[in-house]
Amino acid sequence: MSGFVNDIPLYAAGLATTIAVSLLGIFISVIVGIFLALALRSRFRLIAIPARGYIEFARGAPLALVLFLLYYGGPQFGLLLSPHVAGIVGLGLYGAGPFAEIFRAGFSAIPKGEQEAAEMLGLTPGQSFLNIELPQALRVTLPACVGQTINLVKESAVLSVITLGELTKVAGTISSITFAVVTPYLTIALLYWALVETIARLGFYAERRFTVKGS
Amino acid sequence: MTASKAAISVRGLQKHFGDKRVLSGIDLDIHAGDVTCIIGPSGSGKSTLLRSIAFLDPYDGGDVHVFGKLIGWRETPLGRERAGARELAEARRSLGMVFQHFHLWPHMSVLDNVTLALRLVHGVPRKQAEETGRAMLEKVGLSTFADRRPESLSGGQKQRVAIARALAVRPKAMLFDEPTSALDPELVGEVLSVMKTLAVEGMTMVIVTHEMGFAAHAASRVVFMDSGRIVEEGPPQTLFATPKSERLSQFLQTWRERAL
Ligand SMILES: Nc1ncnc2c1ncn2[C@@H]1O[C@H](COP(=O)(O)OP(=O)(O)O)[C@@H](O)[C@H]1O
Ligand SMILES: [Mg+2]
């Protein structure tokens, strides 16, 4: 048991890494996802088709594969990334596909007439997007976004394959030193659960606060 | 093309959706202060005409001048090209539009709906915009609803907010596309009475409607459309009492039978 107490700082560092890398990765996913969703509905095929292609690729590729490509394949193209950066970017690119699908559905749920009303009042397409479309799309997609965020946090366990010291990697390290299996993995299971539970509760709170019905 | 004195001047307007011709040469002059009601069977092109005037549906033949400005197109020595977004916004500035399904922005308060364009487009400071916004809500009889969300309003109230929102930026003409068609019958009156007030105040209005009673009393002119053409037009008394065309007689007959 004294071993476990000694390991607490390791778990804490792993948890911090998991949180930081997931948050940054998910942030990238959301931003890229929004742009992909916009690209999907573009009138220009040169924009819409590559976006569709990317989403299909992201749907088919396992996260580990994206990470291997970035981290081990990158240097062949002069792309030398630290595990942290590769992890964040990999998670971001991997998550962008599903987020794009979520936002596409969110944008298309907004009646076109609301944009026409904005247009008639003189709002530019940018103003209309930022003030009418985006806030509503974020609200209607909130539950799906929370679900996707939880997925990505759990999938971030795969980041251990590129030597990133997140929770799963910490458990592996401790287990290989102490030969204990149950304690380290149960501990991180509990930590993942706490993380996911926190996100779910925050999401639930935000939903109650922000969700509006259509007019 | 000679610039007409009319507030809105439509000449030889044509519009196709794919191969389908929806407007086949519409000529129409709307003068300042006119209240023009457009009637006609469903699918005859009334909405498309209104949306073409606002260039929400880009027309593909003829021209529409709104207070002297050609809307949506720019004449160049090589022919016509689509006007830029800014040019289009400039030409639209004098037009307000009210839709059948209101299209309020559900994530904002009623007051924010009314003031958003003032603040974003016209650079009016929030406090001043809200003063104007409250005055507009007062005008449509909803001054106590400023902080409500659209979802908590009845259809009639929503449509009145939509009218206040359009009026807030001081348009010179208002376009209404079946403003009462989505409403429960008991809520139609409150919207029509707001529109009547506007008409009395001299607002230039083009109204697509099935409310023949309103057209008879409030319109200075009624336009009857069928199959993408204007079949007949004139003052409501003349048009309703002595229709010249078979199609209008038929249309009015059907309407009377339904009203009974
Ligand atoms: N966006 C569109 N795409 C294709 N056809 C359309 C579109 N909008 C309207 N139409 C067609 O144009 C015709 C006129 O429609 P509309 O102007 O809405 O008639 P009204 O308002 O008189 O009922 C109809 O046949 C309709 O099906
Ligand atoms: Mg219509």
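All chains are named by letter (A, B, ...) in the order of the sequence lines, taking the proteins before the strands, and each is independently numbered beginning at 1.
Counting non-hydrogen atoms of neighbouring residues, nucleotides and ligands closer than 6.0 angstrom, the CZ atom of B:R170 reaches no more than 12 such neighbours. Counted within 6.0 Å of OH on A:Y72, heavy atoms from surrounding residues, nucleotides or ligands total more than 12; the atom is thus considered enclosed. For A:R201, the CZ atom sits in a loose shell: 12 or fewer heavy atoms of surrounding residues, nucleotides or ligands are nearer than 6.0 Å. For B:F17, the CZ atom is densely surrounded, since the number of other residues' heavy atoms within 6.0 Å is greater than 12. Surrounding CD1 of A:I8 are more than 12 heavy atoms belonging to other residues, nucleotides or ligands, all under 6.0 Å away.
Pairing each heavy atom of B:W105 with each of A:E114, the nearest pair is NE1-O, 3.0 Å. Nearest heavy-atom pair, A:L121 versus B:A166, reported as atom, atom and distance to 0.1 Å: CD2-CA, 4.2 Å. For B:M108 against A:I132, the heavy-atom pair with the smallest separation is CE-CD1, 3.8 Å.
For the side-chain contact (heavy atoms from CB on, under 4.5 Å) with A:M120, the lone residue among B:H103, B:M97, B:R93 that qualifies is B:M97.
Counting only residues at least two apart or in different chains, side-chain hydrogen bond (donor to acceptor under 3.5 Å, both in side chains) contacts with residues 183-199 of chain B comprise B:R160-B:E190.
Contacts of residues 43-57 of chain B with chain A at a heavy-atom distance below 4.5 Å involve B:R51, B:A54, B:L56, listed in sequence order. Within residues 83-113 of chain A, the residues having any heavy atom closer than 4.5 Å to a heavy atom of chain B are A:P111, A:G113, listed by residue number. The interface of residues 134-145 of chain B with chain A, defined by heavy-atom distances below 4.5 Å, is empty.
At a 4.5 Å heavy-atom cutoff, the contact between B:L116 and chain A is made by side-chain atoms alone.
In terms of modelled atom types and a separation under 3.5 Å, the side chain of B:H107 and the main chain of A:N131 share a donor-acceptor contact.
Annotation: maximal heavy-atom pairing with chain A below 4.5 Å, among B:R86, B:R165, B:H122, B:R92, occurs at B:R92.
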